[in-house]
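The structure presented is a predicted model; accordingly, all values stated were derived computationally and were not measured.
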Amino acid sequence: EKGVPRRAMAEDEVDERMVSEEYKIWKKNTPFLYDVVMTHALEWPSLTVQWLPEVTRSDGKDYEVHKVILGTHTSGSEQNHLMIATVNMPAPDAEVDARKYEDEKGELGGFGGREARIDIKIKINHDGEVNRARYMPQNPFVIATKSPSADVLVFDVAKHPSMPEEKSPCTPQFRCTGHEKEGYGLSWSPLKEWHLLSGSDDCNVCFWDLRDAKTAVSKKGESMSVAATATRTGHTAGVQDVQWHAHNEQMFGSVGDDKQLLIWDLREASDVTSSAVPEAHSMDINCLSFSPYDPFLLATGSSDTTVKLWDMRNLKSCLHELAGHTKEVYQVQWAPFNETILGSCGADRRVHIWDISRIGEEQSAEDAEDGPPELLFIHGGHTSKVSDFSFNARDEWSVMSVSEDNIMQMWQMAESIYAGEEDEGDEADDEELEEAEEDEE
């Protein structure tokens with residue numbers, strides 16, 4: 001091909017072959033590594049994913065219906081959508097045979113066939129791709145999105161038809177103004193209803209208190225424009241992520257391409273940070289997550305391939321560095337069901353699950369080759385960059401992840417891995433598991 005050096009082409013082919021080979025090994029080992037795996041190819045890739053808290057179960061069925069928020073990243077002039085999908089998952093009391101992996105479907109858990117389904121139930125027209133979508137914890141029908149425009153869009157799903165009319169415009173309930181460029185960072189306060197944060201490539205963090213706006217009724221089919229309640233200026237490059245603190249309703253954090261981790265207090269002036277870590281990582285910082293359990297603990301993920309843990313009482317240096325990814329880390333998230341578990345995903349096509357209670361545990365040289373003791377699990381089912389992932393608060397250890405090649409996967413690691421292998425009392429399984437983990441690497 002013109003303009004592509006032969007060596008670069010050869011390297012790409014080698015990469016593709018390696019990815020394909022790794023995937024085959026992963027697929028072969030899924031029965032030993034997972035209790036459930038469901039793979040679904042979307043029409044367009046989703047840059048965002050988040051489980052919704054709603055779960056339903058019909059009488060006589062051995063599965064529960066969970067819901068998940070997705071978006072599209074279409075090409076050219078194709079219409080983009082904010083979407084909600086249903087996911088049929090084995091009920092806790094359902095008989096699931098982990099040895100039954102269905103090759104055609106890429107599904108594991110004796111739950112193939114008609115009932116193991118992922119269906120798109122709601123589509124709402126969206127201007128441009130959905131960079132990120134997050135529901136408001138106090139009312140999951142309310143979903144905020146980031147798009148290629150500078151505005152943050154807020155939709156009340158209950159006020160939209162489940163499928164859009166042909167050529168109908170994008171009509172969110174609110175268009176939150178204040179940014180000058182697009183971005184990814186988006187966070188609803190877990191403590192105060194209608195409090196929304198956003199970070200953008202314009203180096204700013206915007207905050208909206210939408211409580212007054214929601215009482216003003218806009219005309220049917222029109223969006224209400226809401227100016228930012230406050231703006232925070234402290235970053236010198238694009239803000240990649242923002243998050244509210246889980247225990248203090250006035251506090252939030254932001255990270256960006258200037259390698260800074262900034263902690264803010266809404267009661268302070270707009271350019272005053274309550275804490276600042278100037279060189280928190282050696283490259284761009286893409287994500288942060290405050291622990292839902294420990295009010296002083298937070299994690300950051302960076303293009304320098306590391307995830308760092310921080311104690312807010314002493315930000316001079318990080319508590320610990322989680323090393324295991326080989327490329328940029330895009331997303332980090334604490335598990336909602338266990339205070340020592342967090343996950344991270346990135347450009348290396350992997351989702352890592354970490355258990356910080358295992359930091360410093362003794363390891364054999366053989367085990368150390370697979371990663372540090374706190375690296376509990378590597379999900380190797382994606383063959384492209386993993387854009388986002390989400391822990392399911394209603395079904396512990398169930399994770400949904402989405403990658404750039406249109407694939408979404410719902411997976412649950414084998415109980416023997418997180419519960420401790422001794423509990424299972426099955427030595428053969430342990431040996432198979434170790435081999436599978438080595439192969440997966």
State, yes or no, whether a side-chain contact exists between [X] and [Y] at a heavy-atom distance under 4.5 Å.
X	Y	value
Arg349	Val19	yes
Leu376	Ile417	yes
Phe174	Asp156	no
Ser198	Lys146	yes

Would you find a donor on one side and an acceptor on the other, under 3.5 Å apart, between the side chain of [X] and the backbone of [Y]?
X	Y	answer
Asn88	Tyr63	no
Asp35	Ala414	no
His235	Gly238	no

Between the side chains of [X] and [Y], is a donor N or O closer than 3.5 angstrom to an acceptor N or O?
X	Y	value
His66	Asn392	yes
Gln79	His126	no
Asp395	Ser398	yes
Thr177	Asp151	no
His382	Ser403	yes
His73	Ser46	no
Asp284	Gln240	no
Ser149	Ser147	yes

Please give me the minimum heavy-atom distance between [X] and [Y], naming the atom from each residue.
X	Y	answer
Asn286	Ser303	ND2-OG, 3.1 Å
Thr48	Gly71	CG2-N, 3.7 Å
Gln331	Asp241	OE1-OD2, 4.4 Å
Asp127	Cys170	OD1-CB, 3.2 Å
Glu165	Asn125	O-ND2, 4.2 Å
Asp370	Ile378	O-CD1, 4.5 Å

With [X] via ring pair (Phe, Tyr, Trp, His ring centres under 6.0 Å) - residues at least two apart:
X	result
Trp354	His352
Tyr293	none
Trp244	Phe207, Phe252

Say you draw a straight line from [atom1] of [X] to [atom2] of [Y]; how long is it, rounded to the nearest 0.5 Å?
X	Y	atom1	atom2	result
Met83	Ile143	CE	CD1	11.5 Å
Asp304	Glu321	CG	CD	7.0 Å
Leu197	Cys206	CG	SG	9.5 Å
Thr383	Asp405	OG1	CG	4.0 Å
Glu339	Ile341	CD	CD1	10.0 Å
Ile84	Asp119	CD1	CG	14.0 Å

Next on the checklist: Taking the six-membered ring for Trp, are Trp188 and His195 closer than 6.0 Å centroid to centroid?
Outcome noted: no

Next on the checklist: Checking Phe32 against Tyr34 for the ring pair (Phe, Tyr, Trp, His ring centres under 6.0 Å) test, could you report, in this order, the C-alpha distance in whole Å, the side-chain angles of both residues, the deciding distance, and whether it holds?
Outcome noted: CA-CA 6 Å; Phe32 314 120; Tyr34 298 87; over 10 Å; no

Next on the checklist: Is it true that, when you exclude Phe141 itself, more than 12 heavy atoms of the residues, nucleotides or ligands shown sit nearer than 6.0 Å to its CZ?
Outcome noted: no

Next on the checklist: Please determine whether the number of non-hydrogen atoms from other residues, nucleotides or ligands lying under 6.0 Å from atom CD of Glu180 exceeds 12.
Outcome noted: no

Item to check | CA sep, side-chain torsions, deciding dist, call: Arg350, Asp348, salt bridge (Lys or Arg N to Asp or Glu O under 4.0 Å) | outcome: CA-CA 5 Å; Arg350 300 286 183 261; Asp348 59 3; over 6 Å; no

Next on the checklist: Can you tell me how the ring of Trp397 sits relative to the ring of Tyr418, calling it parallel under 30°, perpendicular over 60° and tilted otherwise?
Outcome noted: parallel

Item to check | Step-by-step side-chain contact (heavy atoms from CB on, under 4.5 Å) determination, Gln250 to Glu268 | outcome: CA-CA 10 Å; Gln250 302 290 345; Glu268 302 279 3; over 6 Å; no

